[in-house]
Amino acid sequence: MIHKAPPHIHQALGLATQALFVSNPNPRVGCVLVSPSGEVIGQGFTQHAGGPHAEVMALRDASGKGFDTAGATAYVTLEPCSHHGRTGPCCDALIQAGVAKVVASLADPNPLVGGRGFDRLRAAGVEVVVGPGAEESRELNIGFFSRMIRGTPWVRLKVASSLDGTTALNNGASQWITSRAARADGHAWRARACAILTGIGTVLDDNPRLDVREVPTPRQPHVVVVDSQLQLPTDANLLMKGRDCYVYTASDNETKKTALQACGATVVHLPNANGKVDLSAMLQDLGQRGINELHVEAGHKLNGSLVREGLVDELLLYLAPRLLGAGRGIADFGPLTALADGLALEFKSVETLGADLRVVARVQGRDSF
């Protein structure tokens with residue numbers, strides 16, 4: 001059955017976006033409590049991992065304002081959890097608060113929940129409606145759904161290039177092809193990710209920090225380095241206190257491994273048959289480590305490997321209004337012999353940012369899980 005999304009679900013979705021930079025690896029969820037008379041009496045969104053979920057925040061908000069929650073309707077963008085993790089079950093909190101009805105956008109894909117929250121609510125006599133705002137909630141949590149269902153993060157490949165697809169000149173010069181507005185927007189996409197992935201070539205060439213600087217954020221995403229020969233310098237800028245660094249390698253160099261681990265890095269040995277990092281196995285490992293969205297900022301070689309192996313879900317492209325001619329491209333994965341062999345995409349959005357163009361393009365069929 002298709003439900004027309006009521007206004008309070010849209011309000012809850014707006015609250016969920018406030019969890020965008022906060023809740024990882026938990027989903028981004030918003031909750032609005034409405035009294036039997038139609039008054040909004042409480043609202044909230046999921047806090048940092050280990051902190052209260054959206055429903056509890058909304059109940060606290062209502063209680064703090066002196067409202068009675070008996071008979072209220074809870075509009076929530078994901079099924080209330082039913083298991084004990086770092087917090088108690090939200091479905092029990094709603095039941096104890098006397099909530100009479102729950103309108104939820106989606107069932108939780110977490111196998112620890114998977115409809116059990118709805119079952120417990122119904123068993124307690126709470127009316128449950130599921131569906132309003134489903135598409136918006138799923139998009140907001142595409143990485144969480146990917147990890148729960150596929151076991152791997154949602155892989156978003158970010159590229160800044162000229163209009164003819166040059167990401168750097170042949171001498172490596174690339175700063176800055178796009179504008180400050182585009183760079184700030186790119187940092188906002190960094191901030192929503194659980195982790196940022198790059199290759200050792202980018203580290204050795206640019207020594208990037210790969211942190212969020214252009215927008216306010218309460219947390220820094222983790223960093224992931226594909227480093228087949230374990231060349232990462234122990235004084236690399238991305239080895240930053242306060243965030244995890246995962247180095248995936250095919251090397252057996254125990255001395256270098258020990259040195260990097262002394263700097264706080266986690267070194268994971270995942271070779272493939274060609275002496276390179278097994279990228280597919282790497283994504284499985286990152287999924288087990290709680291990575292929902294993986295934001296890739298790498299060079300054309302690693303980008304090409306990810307595309308060639310069918311591991312990219314979405315492209316985030318910033319296109320500057322200039323031509324740079326021959327240089328380094330977006331992804332080196334050819335040559336192809338037929339046009340039909342190209343990577344088929346669908347545009348999700350096209351927007352201008354200052355003088356530049358931002359294109360979000362999704363690989364066809366990648367969101368069908």
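Values in this document were obtained by computation on a predicted structure and should not be read as measured data. Numbering of residues begins at 1 and proceeds along the displayed sequence.
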Next on the checklist: Whether Arg138 engages the ring of Phe369 as a cation-pi pair (distance to the six-membered ring centre under 6.0 angstrom, angle to the ring normal within 45°) should be assessed.
Outcome noted: yes

Checklist entry - Less than 4.0 Å between a side-chain N and a carboxylate O, is that true for Arg180 and Glu214? => result yes

Checklist entry - Above 12 or not: heavy atoms from other molecules or residues under 6.0 Å from NZ of Lys65? => result yes

Checklist entry - Is there a donor-acceptor pair under 3.5 Å between the side chain of Lys256 and the backbone N or O of Leu232? => result yes

Checklist entry - So, the side chain of Asp119 versus the backbone of Arg122: is there a donor-acceptor pair under 3.5 Å, distance only? => result no

Item to check | Ion pair check, Asp356 and Arg183, cut-off under 4.0 Å | outcome: no

Item to check | Glu309 CD: over 12 foreign heavy atoms closer than 6.0 Å | outcome: yes

Checklist entry - Do any pairs count as a side chain to side chain donor-acceptor pair (under 3.5 Å) and have a residue in residues 315-344, sequence neighbours left out, and if so which ones? => result Asp185-Tyr318

Checklist entry - With side chains defined as the heavy atoms from C-beta onward, is the minimum distance between Leu197 and Met282 less than 4.5 Å? => result yes

Next on the checklist: Within the 4.5 Å heavy-atom criterion, are Thr17 and Leu140 side-chain neighbours or not?
Outcome noted: yes

Checklist outcome for this item: Nearest heavy-atom contact between Ala193 and His295 is CB-CB, 3.6 Å

Item to check | Nearest-0.5 Å distance, CG of residue Leu260 to CG of residue Asn253 | outcome: 9.0 Å

Checklist entry - If we only count heavy atoms from C-beta on, is the Thr266 to Asp244 side-chain gap below 4.5 Å? => result no

Next on the checklist: Applying side-chain hydrogen bond (donor to acceptor under 3.5 Å, both in side chains), can you list everything that pairs with Gln261, at least two apart in sequence or on another chain?
Outcome noted: none

Item to check | Side chains of Val226 and Ser305 in contact at under 4.5 Å (non-hydrogen atoms) | outcome: no

Checklist entry - For Thr198, does its backbone N or O pair with a side-chain atom of Thr202 as donor and acceptor, under 3.5 Å? => result no

Checklist entry - Counting N and O atoms only, with roles assigned by atom type, does the side chain of Lys158 sit under 3.5 Å from a partner on the main chain of Leu316, one being a donor and the other an acceptor? => result no

Next on the checklist: Whether Arg362 and Asp367 form a salt bridge (side-chain N of Lys/Arg under 4.0 Å from carboxylate O of Asp/Glu) is what I want to check.
Outcome noted: yes

Checklist entry - Any chance the side chains of Asp164 and Ser162 put a donor and an acceptor closer than 3.5 Å? => result yes

Checklist entry - Just by modelled atom types, is the Thr152 backbone N or O under 3.5 Å from a matching donor or acceptor in the Ser146 side chain? => result yes

Item to check | Donor + acceptor pair across side chains of Tyr248, Asp285 (<3.5 Å) | outcome: yes

Checklist entry - Do Leu270 and Val296 sit in the same hydrophobic cluster, where Ile, Leu, Val, Met, Phe, Trp and Tyr count as joined when their side-chain heavy atoms come under 4.5 Å apart? => result yes

Checklist entry - Under 4.5 Å between any side-chain heavy atoms of Val267 and Thr249, yes or no? => result yes

Checklist entry - Is it true that Arg190 and Glu297 have a side-chain N and a carboxylate O under 4.0 angstrom from each other? => result yes

Checklist outcome for this item: Per side-chain contact (heavy atoms from CB on, under 4.5 Å), Ser35 is matched among Ile41, Asp68, Thr69 by Ile41

Item to check | Residues in side-chain hydrogen bond (donor to acceptor under 3.5 Å, both in side chains) contact with Thr167, at least two apart in sequence or another chain | outcome: none

Checklist entry - Any donor and acceptor pair, going by atom type alone, linking the side chain of Arg219 with main-chain N or O of Ser23 inside 3.5 Å? => result no

Checklist entry - Quick one: does Leu319's side chain get under 4.5 Å of Val359's, heavy atoms only? => result yes

Checklist entry - Under the side-chain hydrogen bond (donor to acceptor under 3.5 Å, both in side chains) test, which residues partner Arg156, sequence neighbours left out? => result Glu293, Glu314

Checklist entry - Is a side-chain donor or acceptor of Thr166 paired with a backbone partner of Gly329 at a separation under 3.5 angstrom? => result no

Next on the checklist: Strictly distance-based, threshold 3.5 Å: is any side-chain N or O of Asn24 a donor or acceptor partner for the main-chain N or O of Arg192?
Outcome noted: yes

Item to check | Heavy-atom pair with the smallest gap, counting every atom of Ala265 and Val247 | outcome: CB-CG2, 4.2 Å

Checklist outcome for this item: One should read off an interatomic distance between Cys91 SG and Gln96 CD, to the nearest 0.5 angstrom, of 9.5 Å

Checklist entry - Which residues satisfy the salt bridge (Lys or Arg N to Asp or Glu O under 4.0 Å) test with Asp278, sequence neighbours excluded? => result none

Item to check | Residues that Ser228 engages under side-chain hydrogen bond (donor to acceptor under 3.5 Å, both in side chains), provided they are two or more places apart | outcome: none

Next on the checklist: Does Arg147 qualify as a cation-pi partner of Trp154, given the criterion of NZ or CZ under 6.0 Å from the six-membered ring centre and within 45 degrees of its axis?
Outcome noted: no

Next on the checklist: If we check side-chain contact (heavy atoms from CB on, under 4.5 Å) with Tyr75, which of these qualifies: Leu13, Val40, Val34?
Outcome noted: Val34

Checklist entry - Are any side-chain N or O atoms of Asn141 and backbone N or O atoms of Arg28, one a donor and one an acceptor, separated by less than 3.5 Å? => result yes

Item to check | Arg209 side-chain N/O to Met240 backbone N/O, donor-acceptor pair under 3.5 Å | outcome: no

Checklist entry - Under a 4.5 Å cut-off applied to non-hydrogen side-chain atoms, are Val223 and Arg243 in contact? => result yes

Next on the checklist: Hydrophobic clusters here meaning ILVMFWY residues chained together by side-chain heavy-atom distances under 4.5 Å, can you tell me if Ile291 and Leu20 are in one?
Outcome noted: no

